[in-house]
Amino acid sequence: MSDDAAPWLVVGLGNPGPEYAGNRHNIGFMVADLLAGRIGGRFKAHKARAQVVEGRIGPPGPASRRIVLAKPMSFMNLSGGPVTALRDFYKVPVEKIVAIHDELDIDYPTLRLKLGGGDNGHNGLKSMTKAMGPDYHRVRCGIGRPPGRMQVADFVLKDFSSTERKELDWFVDRSADAVECLILDGLERAQSTYNS
């Protein structure tokens, strides 16, 4: 199977379970859920300890792209295991893997896309990079820094504030648009359109 035939693997990072659903740390899951809705798919359990949806994005015909959306069910700091298992199962080259994640060093609600790089203390990225190297795409959803002396761990595991929630649907929607643009039009176009 050529790399062209391989699907894109789009991984929303988050923690499984209803108690985490609205957390800042789970914005990756929120974007994956929206993308699943757009392709008309429902998440199903996969043996790789993840929920997956397979589908296509883009215009009908040869210009469309196969994608596999995934939400690891392993908790954030162990995301590398399920992602690597899915990579192997679907035979996806690492440069066709996209991680959607929360980013402390970017203000809310700002987006940045990039290929490769460090993990910036993000446990999901740390686990993925340890498992397969750093050369995958990232859609970095800015959540800003915790206020005052709040610990980072407490901040990321809290739900978005009522003020933030006013823009959250727009932000998740824009993040999903950025993922589609990255896959259909390439990183440079996605960066020039969505990096703010």
Side-chain angles (χ1 to χ4, degrees), residues 9-38 41-46 48-53 68-84 86 97-114 117-131 136-179 182 194 196:
L9 175 58
V10 178
V11 182
L13 293 179
N15 285 309
E19 67 274 31
Y20 298 106
N23 289 179
R24 291 183 179 94
H25 222 18
N26 269 41
I27 194 160
F29 273 18
M30 296 172 197
V31 177
D33 286 337
L34 180 64
L35 285 164
R38 288 184 181 182
R42 278 196 132 88
F43 280 101
K44 294 184 178 67
H46 190 279
R49 284 186 311 150
Q51 291 188 345
V52 300
V53 178
V68 177
L69 289 168
K71 298 192 294 187
M73 292 287 115
S74 59
F75 287 101
M76 184 69 90
N77 57 343
L78 301 171
S79 301
V83 176
T84 307
L86 289 169
I97 296 174
V98 182
I100 310 165
H101 63 91
D102 57 308
E103 178 67 68
L104 287 160
D105 282 341
I106 301 174
D107 290 339
Y108 180 84
T110 304
L111 264 183
R112 298 265 167 78
L113 289 85
K114 71 173 186 174
D119 57 54
N120 217 8
H122 191 289
N123 289 331
L125 297 181
K126 200 174 286 182
S127 177
M128 282 179 63
T129 297
K130 188 174 169 195
Y136 51 91
H137 287 89
R138 296 96 188 280
V139 174
R140 304 155 72 209
C141 304
I143 59 168
R145 285 257 160 214
R149 297 177 178 223
M150 188 190 285
Q151 293 295 310
V152 164
D154 295 334
F155 178 69
V156 299
L157 293 176
K158 277 208 171 15
D159 285 2
F160 286 98
S161 70
S162 53
T163 311
E164 288 169 332
R165 277 200 296 273
K166 291 178 182 142
E167 290 183 289
L168 185 58
D169 286 349
W170 172 84
F171 190 33
V172 168
D173 199 57
R174 185 170 165 80
S175 303
D177 290 347
V179 172
L182 166 65
Y194 293 98
S196 39

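A heavy-atom distance below 4.5 Å is not found between the side chains of Val98 and Leu113. Asn26 has its side chain within reach of Asn15: a pair of non-hydrogen atoms, C-beta onward, lies under 4.5 Å apart. Under the 4.5 Å side-chain criterion, counting only non-hydrogen atoms from C-beta, Arg145 is in contact with Val152. Contact of the Phe171 side chain with the Met30 side chain is not registered, since no non-hydrogen atoms from C-beta on lie closer than 4.5 Å. Contact annotation: the side chain of Leu104 approaches that of Ile143 to within less than 4.5 Å [non-hydrogen atoms, C-beta and beyond]. Side-chain contact between Val179 and Tyr194 is absent, with no heavy-atom pair separated by less than 4.5 Å. For the pair Asp154/Pro146, no side-chain contact is recorded, criterion being any heavy-atom separation below 4.5 Å from C-beta on. Inter-residue side-chain proximity for Val139 and Leu111 is flagged as met; some heavy-atom pair is nearer than 4.5 Å.
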Checking side chain to side chain contact (heavy atoms under 4.5 Å, CB included) for the pair Leu35/Ile100: CA distance, chi angles, key distance, verdict?
-> CA-CA 12 Å; Leu35 285 164; Ile100 310 165; 4.3 Å; yes

Residues Asp119, Arg138; criterion salt bridge (charged side-chain N to carboxylate O under 4.0 Å, His left out); working and verdict = CA-CA 10 Å; Asp119 57 54; Arg138 296 96 188 280; over 6 Å; no

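Taking all atoms of both residues into account, the shortest heavy-atom contact from Phe43 to Ala36 is CE1-CB, 3.6 Å. Of all heavy-atom pairs between Val52 and Ala70, the closest is CG1-CB, 4.1 Å. Taking both residues in full, the closest heavy atoms of Pro72 and Gly12 are given as CD-O, 3.3 Å, listed atom of the first, atom of the second, then distance. Contact detail for Leu125 and Gly118: the closest heavy-atom pair is CD1-O, 4.5 Å. Nearest heavy-atom pair, Ala131 versus Gly80, reported as atom, atom and distance to 0.1 Å: CB-O, 3.8 Å. Taking all atoms of both residues into account, the shortest heavy-atom contact from Phe155 to Gly144 is CE2-O, 3.3 Å.
More than 12 heavy atoms of other residues, nucleotides or ligands shown are found within 6.0 angstrom of NZ on Lys114. Around CD of Gln151, the count of heavy atoms belonging to other residues, nucleotides or ligands within 6.0 Å does not exceed 12.
Classified by interplanar angle (parallel below 30°, tilted 30° to 60°, perpendicular above 60°), the ring pair His101/His122 is perpendicular.
Remark: Met76 CE to Asp102 CG distance equals 5.0 Å, nearest 0.5 Å. Distance CG/Asp173 to CG/Leu34: 5.5 Å, rounded to 0.5 Å. In this structure, OH on Tyr108 lies 4.5 Å from CG on Leu168, to the nearest 0.5 angstrom. Once rounded to the nearest 0.5 Å, the distance linking CZ of Arg174 with OG1 of Thr110 reads 9.0 Å. The NE2 atom of His137 lies 5.0 Å from the CG atom of Leu182; values are rounded to the nearest 0.5 Å.
In this structure, Phe29 has its ring center at least 6.0 angstrom away from the ring center of Tyr20.
For Asn120, the side chain to side chain donor-acceptor pair (under 3.5 Å) partners are Glu103, Asp105, not counting sequence neighbours.
Counting only residues at least two apart or on different chains, the side chain to side chain donor-acceptor pair (under 3.5 Å) pairs with a member in residues 68-82 are Asp33-Lys71.
Using modelled atom types, one side-chain atom of Arg165 and one backbone atom of Phe160 make a donor-acceptor pair closer than 3.5 Å.
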